[in-house]
Amino acid sequence: MIFGRKPKVQIKTPEQIEKMRVAGLVVGNTLKLIQQQTVAGMTTLDIDAIARAELKRTGATPSFLNYHGYPAVVCTSVNNQVVHGIPDNYTLNDGDLVSVDFGAIVDGWHGDSAVTILIGNVSDEAKALSDVTRRAMWAGLKAARAGNTLGDVGYAIASIVNAEKRWGIVEDYVGHGIGTEMHMDPSVPNFGTPGQGLTLELGMAIAIEPMITAGHHHTQVLDDDWTVTTLDGQLAAHWEHTVAITESGPWVLTELDDSLARP
Ligand code: MF3
Ligand code: CO
């Protein structure tokens with residue numbers, strides 16, 4: 001977090017935002033393939049392999065591989081794992097919930113997005129959790145317009161989650177600015193007070209990524225120093241998109257469907 005100083009936020013030209021759209025589409029296409037292909041019986045390493053093949057095909061560079069030593073191109077976080085799960089030989093089972101987070105660089109510009117995938121017949125709770133997380137993300141994305149503040153964005157996200165009095169909002173991890181690096185200023189919390197915090201300006205780009213839990217919001221990091229789990233062992237979901245603040249409103253750069261992505 002960046003309390004006590006005013007974050008210096010990278011401002012992109014319209015041409016640079018177009019370049020981020022190219023990276024965003026690579027990320028969106030890759031996650032779409034992963035959503036279509038991920039079934040029970042696959043391992044989380046199989047998901048990483050889909051992304052690696054797509055990086056090879058497109059010539060894009062992975063954002064995550066070697067980032068502070070991270071060993072894969074995607075994060076796969078299963079059930080009680082919140083974020084930053086490392087792909088391994090774990091075999092996905094019917095009823096699992098897995099979030100897949102992926103970032104790529106094209107021509108120096110980053111895209112970052114995550115989806116939660118429900119494997120086969122999942123519990124009503126898992127369905128509702130993924131759904132509320134996705135709706136909360138979209139509420140945040142819609143609030144990402146010039147003149148609004150990060151408090152407005154966080155409030156929009158939290159309002160969706162808190163409308164149903166059954167979920168926790170993870171506070172230990174937040175969204176972020178993005179551009180020529182994956183993680184830049186500002187921090188983008190999934191909660192906030194309307195009118196508070198940094199005012200969004202044209203040319204800013206942020207990744208909005210609510211992490212929502214079925215129980216308490218507290219988290220812990222496993223011994224692998226990466227995997228974040230809920231402290232109480234309950235389910236967590238994670239959805240993420242990269243959005244640019246443009247003249248005509250939010251442009252969701254990692255959303256493939258133009259009618260949803262474009263203001
Ligand atoms: N994409 C994640 C985020 O949304 C970060 C992944 S951490 C890494 O912030 F090490 F895997 F890169
Ligand atoms: Co991110």
Side-chain angles (χ1 to χ4, degrees), residues 1-2 7 9-10 20 23-24 26-28 30-31 34-35 44-45 47-52 54-55 60-78 81-88 98-106 109-117 133-134 136-138 140-141 144 150 153-154 157 169-190 204-213 219-229 236-245 250 252-255:
M1 286 295 280
I2 34 186
V9 179
Q10 185 178 59
M20 288 187 69
V26 168
V27 172
T30 303
L31 286 174
I34 288 170
Q35 282 175 302
T44 49
L45 265 175
I47 297 174
D48 196 65
I50 295 170
R52 284 181 193 255
E54 199 55 13
L55 286 164
T61 304
S63 299
F64 299 2
L65 186 65
N66 299 325
Y67 181 82
H68 296 282
Y70 188 74
V73 303
V74 297
C75 300
T76 52
S77 306
V78 181
Q81 298 177 354
V82 182
V83 283
H84 304 165
I86 301 173
D88 62 9
V98 58
S99 70
V100 180
D101 193 340
F102 179 59
I105 312 166
V106 177
W109 295 92
H110 286 253
D112 186 8
S113 181
V115 296
T116 291
I117 301 172
T133 307
R134 187 166 183 278
M137 171 189 68
W138 275 102
L141 293 166
L150 287 177
V153 171
I157 294 167
I169 300 176
V170 171
E171 298 176 0
D172 299 338
Y173 301 88
V174 295
H176 49 93
I178 180 168
T180 52
E181 291 175 63
M182 171 169 61
H183 288 154
M184 307 181 82
D185 281 337
S187 289
V188 182
N190 296 304
M204 290 182 177
I206 56 178
I208 293 180
E209 49 178 320
M211 291 145 269
I212 308 301
T213 62
T219 66
Q220 64 183 348
V221 180
L222 297 187
D223 283 341
D224 63 14
D225 283 341
W226 281 104
T227 311
V228 178
T229 73
H238 177 214
W239 283 87
E240 175 177 17
H241 266 314
T242 296
V243 61
I245 286 78
V252 186
L253 301 173
T254 43
E255 168 58 54

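Whatever order the structure lists ligands and atoms in, that order sets their numbers, starting from 1. Keep in mind that this is a model prediction, so the values were computed, not measured. Scope of the values below: all heavy atoms of this structure, side chains included, with no hydrogens, waters or symmetry mates.
- Remark: ligand 1 and Tyr70 share no N or O pair separated by less than 3.5 Å (distance only, no angle test).
- The contact set between ligand 1 and His183, taken as ligand atoms under 4.0 Å from a residue heavy atom, comprises 3 (C), 5 (C), 9 (O).
- Per-residue contacts place Glu240 under 4.0 angstrom from the following atoms of ligand 1 (heavy atoms of the residue considered): 4 (O).
- Of all heavy-atom pairs between Pro62 and Leu55, the closest is CB-CD1, 3.7 Å.
- Considering backbone and side-chain atoms alike, Ser63 places every N or O at 3.5 Å or more from each N or O of ligand 1.
- Within ligand 1, the atoms closer than 4.0 Å to a non-hydrogen atom of Asp112 are 1 (N), 3 (C), 4 (O), 9 (O), numbered from 1 in the order shown.
- Side chain to side chain, His238 and Glu209 meet the donor-acceptor criterion of an N or O pair below 3.5 Å.
- Nearest heavy-atom pair, Met184 versus Gly179, reported as atom, atom and distance to 0.1 Å: SD-N, 3.5 Å.
- His176 and Asp112 form a side-chain donor-acceptor contact under 3.5 Å, judged by distance and modelled atom types alone.
- Here Asp101 fails the criterion, with no N, O or S atom under 2.8 Å of the Co ion (ligand 2).
- Of the N and O atoms on the side chains of Tyr67 and His183, at least one donor lies less than 3.5 Å from an acceptor on the other residue.
- In this comparison of Tyr173, Phe64, Trp226, the heavy atom closest to atom 6 (C) of ligand 1 sits on Phe64.
- Inclusion of His183 in the first shell of the Co ion (ligand 2) is not supported: no N, O or S atom falls under 2.8 Å.
- Here the angle at the Co ion (ligand 2) defined by NE2 in His176 and OE2 in Glu240 stands at 110°, rounded to 10 degrees.
- Here Thr133 contributes atom OG1 and Ile212 contributes atom CD1; the two are 5.0 Å apart, rounded to the nearest 0.5 Å.
- If you check the side chains of Thr229 and Gln220, you find a donor sitting under 3.5 Å from an acceptor.
- Rounding to 10 degrees, one finds that the Co ion (ligand 2) sits at the corner of an angle of 170° between Glu209 OE2 and Asp112 OD2.
- No side-chain heavy atom of Trp226 sits under 4.5 Å from any side-chain heavy atom of Cys75.
- Heavy-atom contacts of Met182 reach the following atoms of ligand 1: 12 (F) (cutoff under 4.0 Å).
- Nearest protein heavy-atom contact of atom 2 (C) of ligand 1 is Asp101 OD2, 3.2 Å.
- Nearest protein heavy-atom neighbour of atom 3 (C) of ligand 1: Glu209 OE2, 3.4 Å.
- Close approach of ligand 1 to His176 (heavy-atom distance below 4.0 Å) involves ligand atoms 3 (C), 4 (O), 9 (O).
- The part of Cys75 lying near ligand 1 is the side chain, judged by heavy-atom distances below 4.0 Å.
- Val82 pairs with exactly one of Thr227, Asp172, Thr219 by the side-chain contact (heavy atoms from CB on, under 4.5 Å) rule, that one being Thr219.
- Between Ile47 atom CD1 and Arg52 atom CZ the span is 13.5 Å, to the nearest 0.5 Å.
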